[in-house]
Peer 1: 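Below are the structure tokens for one structure; questions will follow.
Residue numbers begin at 1 in each chain, while the letters A, B, ... track the order of the sequences.
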Amino acid sequence: MTGKEVLEKKGIKKDNIVGIKVGKKIFDLLTSLPKDVLDELEKAIEENKLDSSNSNVRLIRRDSPDGLDIMRHSCAHALAQSVKRLFPETKLSVGPTTEVGFFYDFYRPEGFSEEDLKKIEEEMKKIKGENLPIRRFELTKEEAIKLYEQKGETFKIEILKEIEDNVVSFYEQGEFLDLCRGPHVPSTGMIGAFKLTSISAVHFRGDEKAPQLIRIYGVAFADEETLQNYFKQLEEIKKRDHRKLGKELELFMIDEDEIGPGLVIWLPKGAKIRRKIENFWLKIHEKKGYNLVYTPHIAKINLWKTSGHLDHYRKFMFPPMEWDKEDEKERKEEARDFERSIGYGGEKTPYQLKPMNCPFHIMIFKSKTRSYRDLPFRLCEFGTVYRYEKSGVLHGLLRVRGFTQDDAHIFLKIDQIEEEVSEILEIIKEILSMFGFSEYMVFLSTRPEEKVGTDDEWDFAEESLKKALEKSKLNFEIDPGEGVFYGPKIDLKIKDVLGRVWQCSTVQLDFNLPRKFSAFYIDSDNQRKPVYIIHRAIFGSFERFFGIFIENTAGNFPPYFSPIQCAVISVKENSQDYASFIYNLLLENRLDCELDLETGERLSKRIRNWEVAKVPFMIVVGEKEKEEKTITIREKGGSIKTLSIEEGIKYILSKCIIE
RNA sequence: GCCCAUGUAGCUCAGAGGUAGAGCGCCUCCUUGGUAAGGAGGAGGUCAGGGGUUCGAGUCCCCUCAUGGGCUCCA
């Protein structure tokens, strides 16, 4: 007996019901229920407990999360049915749900156009209108393969072959049927408000060698209103888009044609913000015993051979800088008996743009003999690196080809890891909180199958990281096997105001690099001991973090990071001297401010200009203020107060200067 | 790298075979103003780049570059 039949038998209205949930198991109304589920359902109905929140058996309504998922699944079928009606030669693949909608993958070499998409959507609406009853039935795998052989659905046969069960389920609506494990709504009329949003190409099973399929995406919600709200939310995200705000607020630019894709120019206002962030960051790090260094952007290619980057990281590196052909002979002569293709030592050796800073920092460590007394030895740098990211993944500031890491490497003994990591976690929290980020998701990744380092080292290191995390009181999850081959790591993701999650901070242990470079220290027993390294970054990349920061604040930066903190505006010409006087006072107090003596525009227009530029404070002075030795402060958004010069400046400074 | 879409003034965009447009911004002038847009005039374009079709190409076709949304990738 199916859920539908039970409800009908018991006379329960099922207008908005799309399934039954027993414990964590979900059944649609079309599936024959196992005996125990059936019993429990009937019992719950008799005791009238179906909707009470503590009941183990519950009806799934279409607008609940589970209900939406069922409904979206049926949307995918309606999509496939629509496509088969309009383009019968199309072959079907799979059609699951997504977080807010659904998609279906089709094989159709000629693809679909935007026009096709509209037609498909219209046909889906028709299918919804037809309110076709949906039926579930089962076949043996053999029968199913036979059925699909008749229909020529080659992809379905492939999928069937991978299924282990011998009996498979089908769902049928009108002339359309599909291999599917469900669940589905009882009829096509039950699907909610939907819209097809995009088309993209994917490979069958994500395998690059497999044939290419066309994926059609849609979103679906219980009703038209929620669907519209979803699009409104998208608008909000669009409004905060850092690429748009970056242009409007003149923060950065990327000139793909003349300079190169993925290469960021920080404009004066963006650079001002960055410098404030750098100063703040550096002050904290110097307090914690870090040593700032600067290293070159290129190095002889052999450095990258030693570090192993050339073997493992090559596809993200820009090509080596080769000398002209005429120099080729000379270079080869200079080359010792090292790799012929690489060349080494001589004047004409190829150079390589750096994708990471660590080899330089190791060379600094190795530049003199280090004692155990020197450890932990902490180096930090705003190190600019270049990585050749594939063209399709570049995205504003969030994915670029040249970026500056807030990088640090800590050289230490293995028994210092725990304390050092817990110190690092404190620094991370302290710094991120200044940007309005306080919600974190933390992941500890442990040893993968392929790794360097001994099991003892891994045991000790993983345990140290765990203890440090526990001490930090951060909630964390363990990602078993997700560590990189050279050591375990902690990744920290931040949540922004729209609930989006971004990975920025990372703390990684490295058993590998010190060995590659034979980096050691002299211990108290006068023995050479191998040193351990922690790689860590808080922002990860200034560029990326800036993009996230822009979107999180919608360009309304906290006053202490604002590129222009205060605009001083004279009402008319006779107060210009007074405005200049106030402006100079602010400058003396290290405030970033602008003087607006513009006489060509109305006052309200000038105030609007500073509002649009998202300047947190304006000081407007006219005859009245000049007379009374006061200033009128307008905060962004419009609140206004008049204070004495001293009080007013004190107030603004308290919001704008961080020590 | 793959699929689809897009590329027109500094910015946002209209123009869809027949003389390159608007708003904002910029420059000049008028307006001397009290907390989010005062008025007038002006400058500004190899229509991403290259090739083709055509009497004639932002407009149609091909290639390249780049961007957007996905996919894949991200030791």
Peer 1: How close or far is atom P of B:rC30 from atom CZ of A:Arg602, stated in whole angstroms?
Peer 2: 14 Å

Peer 1: NA contact type, A:Gly308, heavy-atom cut-off 4.0 Å: base, sugar-phosphate, or nothing?
Peer 2: nothing

Peer 1: Is there a side-chain contact between A:His309 and the phosphate of B:rA75, meaning an N or O under 4.0 Å from OP1 or OP2?
Peer 2: no

Peer 1: Tell me: CD of A:Glu248 to P of B:rG23, nearest whole Å?
Peer 2: 20 Å

Peer 1: Please check the phosphate of B:rA75 (OP1 and OP2 only) for any side-chain N or O of A:Lys315 closer than 4.0 Å.
Peer 2: no

Peer 1: Regarding A:Leu394, tell me which of base, sugar-phosphate or nothing describes its non-hydrogen contacts under 4.0 Å with the strands shown.
Peer 2: sugar-phosphate

Peer 1: Can you tell me how the ring of A:His242 sits relative to the ring of A:His395, calling it parallel under 30°, perpendicular over 60° and tilted otherwise?
Peer 2: tilted

Peer 1: Could you work out which one of B:rG34, B:rG1, B:rA37 sits closest to the side chain of A:Lys624?
Peer 2: B:rG34

Peer 1: Rounded to the nearest angstrom, tell me the gap between atom CZ in A:Arg608 and atom C1' in B:rG34.
Peer 2: 18 Å

Peer 1: Rounded off to whole Å, could you give me the CG-to-P distance for the A:Asp105 and B:rG70 pair?
Peer 2: 16 Å

Peer 1: Let's see if you can work this out: which of B:rG1, B:rG38, B:rG33 has an atom nearest to the side-chain heavy atoms of A:Val393?
Peer 2: B:rG1

Peer 1: Measuring from the side chain of A:Arg634 (C-beta onward, heavy atoms only), which nucleotide among B:rG38, B:rU67, B:rA36 has the closest atom?
Peer 2: B:rA36

Peer 1: Could you tell me the separation between the NZ atom of A:Lys247 and the C1' atom of B:rG25, rounded to a whole number of Å?
Peer 2: 15 Å

Peer 1: For A:His535 and A:His409, take the angle between the two ring planes, folded into 0 to 90°, and tell me which bin it lands in: parallel under 30, tilted 30 to 60, perpendicular over 60.
Peer 2: perpendicular

Peer 1: Assign A:Val202 to base, sugar-phosphate, or nothing according to its heavy-atom contacts below 4.0 angstrom with the strands shown.
Peer 2: sugar-phosphate

Peer 1: Quick one: is A:Tyr217 getting a side-chain N or O under 4.0 Å of the B:rC71 phosphate, OP1 or OP2?
Peer 2: yes

Peer 1: I'd like the C1' distance from B:rG18 over to B:rG58, given in whole Å.
Peer 2: 13 Å

Peer 1: Side chain of A:Arg399: nearest nucleotide among B:rU35, B:rU67, B:rC73?
Peer 2: B:rC73

Peer 1: Would you indicate, yes or no, if B:rG68 has its OP1 or OP2 atom less than 4.0 angstrom from a side-chain nitrogen or oxygen of A:Arg243?
Peer 2: yes

Peer 1: When the distance from NZ of A:Lys489 to C1' of B:rA75 is rounded to whole Å, what number comes out?
Peer 2: 10 Å

Peer 1: When the P atoms of B:rG69 and B:rC55 are considered, how many whole Å apart are they?
Peer 2: 42 Å

Peer 1: As a test of the definition: with a 90° window around 0 for syn, would you call B:rA36 syn or anti?
Peer 2: anti

Peer 1: Below the 4.0 Å mark, does B:rU31 have OP1 or OP2 next to a side-chain nitrogen or oxygen of A:Lys605?
Peer 2: no

Peer 1: Between A:Phe318 and A:Tyr388, does the ring centre distance come in under 6.0 Å?
Peer 2: yes

Peer 1: Within the structure shown, what part of the strands sits under 4.0 Å from A:Glu625 by heavy-atom distance: base, sugar-phosphate, or nothing?
Peer 2: base

Peer 1: Which nucleotide sits closest to the side chain of A:Glu573: B:rU32, B:rC73, B:rG33?
Peer 2: B:rU32

Peer 1: Base, sugar-phosphate alone, or nothing: which one does A:Lys572 contact when heavy atoms must sit under 4.0 Å apart?
Peer 2: base

Peer 1: Mind checking A:Gly396 for me? I need base, sugar-phosphate or nothing, with any heavy atom below 4.0 Å counting as a touch.
Peer 2: sugar-phosphate

Peer 1: Find the partner of B:rC74: check Watson-Crick (N1-N3 plus N6-O4 or O6-N4) and G-U wobble (N1-O2, O6-N3) distances, both under 3.5 Å, and reply none if neither fits.
Peer 2: none

Peer 1: Please give the nucleotide sitting opposite B:rC26 as a Watson-Crick or G-U wobble pair, both distances under 3.5 Å, or none.
Peer 2: B:rG42

Peer 1: Whole Å only: how far is the CD atom of A:Glu258 from the C1' atom of B:rC65?
Peer 2: 12 Å

Peer 1: Is there a side-chain polar atom (N or O) of A:Ser391 under 4.0 Å from OP1 or OP2 of B:rG1?
Peer 2: yes

Peer 1: Does the plane of the ring in A:Phe617 sit parallel, tilted or perpendicular to the ring in A:Tyr651? Use 30° and 60° as the thresholds.
Peer 2: perpendicular

Peer 1: What verdict does the side-chain contact (heavy atoms from CB on, under 4.5 Å) test give for A:Asp479 and A:Leu444, after you've listed the backbone C-alpha separation in whole Å, the side-chain angles of each residue and the deciding distance to 0.1 Å?
Peer 2: CA-CA 6 Å; A:Asp479 267 348; A:Leu444 170 60; over 6 Å; no

Peer 1: Who is the Watson-Crick or G-U wobble partner of B:rA14, with both distances under 3.5 Å?
Peer 2: none

Peer 1: Measure centre to centre between the rings of A:Tyr104 and A:Phe106, then say whether the value is under 6.0 Å.
Peer 2: yes

Peer 1: Can you measure A:Glu611 atom CD to B:rU35 atom C1' for me and round it to whole angstrom units?
Peer 2: 9 Å

Peer 1: Where do A:Phe545 and A:Trp502 land on the ring-ring contact (aromatic ring centres under 6.0 Å, His included) test, with the steps shown first?
Peer 2: CA-CA 9 Å; A:Phe545 187 80; A:Trp502 307 92; over 10 Å; no

Peer 1: Regarding B:rA66, can its base be found pairing with the side chain of A:Glu256 as donor and acceptor, where the two atoms are less than 3.5 Å apart?
Peer 2: no

Peer 1: Which base, if any, makes a Watson-Crick or G-U wobble pair with B:rG7, both distances under 3.5 Å?
Peer 2: B:rC65

Peer 1: Syn versus anti for B:rG7, judged by chi lying within 90° of 0?
Peer 2: anti

Peer 1: When you match A:Arg606 and A:Val612 each to their closest nucleotide on RNA chain B, which lands nearer the 5' end?
Peer 2: A:Arg606

Peer 1: Is the ring pair A:Tyr386/A:His297 parallel, tilted or perpendicular, if the boundaries are 30 and 60 degrees?
Peer 2: tilted

Peer 1: Pick the nucleotide of RNA chain B nearest each of A:Val620 and A:Asp241; which residue has the one closer to the 5' end?
Peer 2: A:Val620

